[in-house]
Amino acid sequence: MSEFSNTPIVPPSTAPGLAGWFRVWMKAVTKPNEQTFIDITEHPDAQPKTAYIWIFLVGTLSTIVTGLIQAILVAAGVSSQLGVQGADSSVGVSIFATICASPIAGGISVLFFALGIAIVQWIAKLFGGTGTYDKLVYAVAAISVPFSLVSMFLVPLNVVPYLNICTGLISFGLSIYVIYLQITAVKAVNRFGWGAAAGSVLLPGFVIAFVCGCLVVVTLMLLGPMIGNVFSGINQSLQMAP
């Protein structure tokens with residue numbers, strides 16, 4: 001009998017709107033076990049539409065907050081300290097452009113998020129998973145949103161000398177924890193082992209890295225003779241110079 005067959009389904013939240021969303025997010029990130037994601041994904045409110053709304057809102061908000069923080073840093077003179085010249089006059093334009101572009105950024109976030117989850121679930125199916133895209137996209141969105149919000153407010157600290165080392169370490173630790181939560185969510189949704197769950201989450205990244213590496217190698221091979229000719233011409237010019 002499956003280890004999940006007798007587990008009770010506990011609704012993650014009965015509160016509507018943002019309050020209910022917040023409870024789902026907190027449960028996803030503070031109770032890192034399979035039963036958590038079973039409860040979340042078996043709830044009637046666990047719909048892909050809700051996940052898309054979350055990702056769109058956090059993508060839009062992250063763009064706005066990041067743009068405003070950068071504008072504040074420019075207005076405070078931090079940009080000039082970092083060697084950015086002529087930025088003060090463009091603060092208003094930058095804010096306006098950021099606000100206008102933020103919904104587009106939110107839409108792009110939804111597109112890439114949905115595509116990434118579709119790839120993960122497709123690989124999970126190849127490993128014998130029995131879950132569905134609808135459940136997985138909701139579970140992973142519940143993980144991604146709170147960490148995206150935290151990362152958003154770490155942005156201004158990245159420009160502070162020495163403090164950016166701490167924020168880098170925090171971001172690295174959070175990334176590892178997010179990967180663990182995603183693997184747990186995939187395992188819970190698809191009802192298979194840890195190896196298959198880890199492969200479903202990590203394999204797409206390895207494949208993308210491998211493809212990018214191959215593209216870089218091929219590009220260098222194609223451009224190698226051209227680059228060699230350029231440097232050869234420069235060398236000859238230097239030798240002929242009086």
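Worth knowing before you read on, the calculation uses all heavy atoms, side chains too, and leaves out hydrogens, waters and symmetry mates. None of these values were measured; they are calculated from a predicted model.
Linking ILVMFWY residues whenever their side-chain heavy atoms come closer than 4.5 Å, directly or via other members, leaves Ile143 and Ile176 in distinct clusters. Transitive grouping of hydrophobic side chains (ILVMFWY, heavy atoms separated by less than 4.5 Å) keeps Leu57 and Phe112 in distinct clusters. Neither Leu111 nor Ile119 shares a network with the other; the hydrophobic side chains, linked directly or stepwise wherever heavy atoms of I, L, V, M, F, W or Y lie under 4.5 Å apart, form separate groups for each. Hydrophobic clustering (side-chain heavy atoms under 4.5 Å, transitive across Ile, Leu, Val, Met, Phe, Trp, Tyr) groups Leu126 together with Leu136. Under a hydrophobic clustering in which Ile, Leu, Val, Met, Phe, Trp and Tyr are joined whenever their side-chain heavy atoms come within less than 4.5 Å, directly or via other members, Ile53 and Ile104 fall into different clusters.
Residue Ser62 comes nearest to Ser148 through the heavy atom pair OG-O, 4.4 Å, listed as atom of the first residue, atom of the second, then distance. Shown here for Val29 and Ala142, the closest heavy-atom pair between the two residues is CG1-O, 4.3 Å. In terms of heavy-atom proximity, Ala196 sits nearest to Phe127 at O-CD1, 3.5 Å. Contact record, Tyr52 with Ala114: CE2-CB, 4.1 Å, taken as the closest heavy-atom pair. Closest approach of Ala105 to Thr63, counting heavy atoms only: CB-OG1, 3.2 Å.
From Cys100, atom SG reaches atom CD1 of Ile64 across 10.0 Å, with rounding to the nearest 0.5 Å. In this structure, CD1 on Ile117 lies 15.5 Å from NZ on Lys135, to the nearest 0.5 angstrom. The CD1 atom of Ile55 sits 14.5 Å away from the CD1 atom of Ile108 when rounded to the nearest 0.5 Å.
For CH2 of Trp194, the number of neighbouring non-hydrogen atoms (other residues, nucleotides, ligands) closer than 6.0 Å is greater than 12.
The shortest distance between side-chain heavy atoms of Leu202 and Ile179 falls below 4.5 Å. When side chains are defined from C-beta on, Arg191 counts as touching Ile38, because their heavy atoms get closer than 4.5 Å. Inter-residue side-chain proximity for Phe192 and Val186 is flagged as met; some heavy-atom pair is nearer than 4.5 Å. Contact of the Glu34 side chain with the Thr184 side chain is registered, since non-hydrogen atoms from C-beta on lie closer than 4.5 Å. Two residues are said to be in side-chain contact when any heavy atoms from C-beta on lie closer than 4.5 Å; Lys31 and Met26 fail this criterion. Contact of the Asp39 side chain with the Lys27 side chain is registered, since non-hydrogen atoms from C-beta on lie closer than 4.5 Å. Looking at Trp25 and Trp21, their side chains come closer than 4.5 Å, going by heavy atoms from C-beta outward.
The aromatic ring centroids of Trp54 and Tyr138 lie less than 6.0 Å from each other.
Side chain of Lys187 to main chain of Gly195: no donor-acceptor pair is present (N/O by atom type, distance under 3.5 Å, no hydrogens or angles). Judged purely by atom type and a 3.5 angstrom limit, Ser102 uses its side chain to pair as donor or acceptor with the backbone of Ile99.
A side-chain N or O of Asn33 and one of Thr36 form a donor-acceptor pair less than 3.5 Å apart.
Applying the side-chain hydrogen bond (donor to acceptor under 3.5 Å, both in side chains) test to residues at least two apart or on different chains, the pairs with a partner in residues 107-121 are Gln121-Asn190. Applying the ring pair (Phe, Tyr, Trp, His ring centres under 6.0 Å) definition to pairs two or more places apart or across chains, those involving residues 167-186 are Phe147-Tyr177.
The residue from Thr132, Val137, Val189, Asp134 that alone fulfils the side chain to side chain contact (heavy atoms under 4.5 Å, CB included) condition with Thr41 is Val189.
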Yes or no on side chain to side chain contact (heavy atoms under 4.5 Å, CB included) for Leu61 and Met152, after CA distance, side-chain angles and deciding distance? CA-CA 9 Å; Leu61 182 62; Met152 177 176 64; 4.1 Å; yes

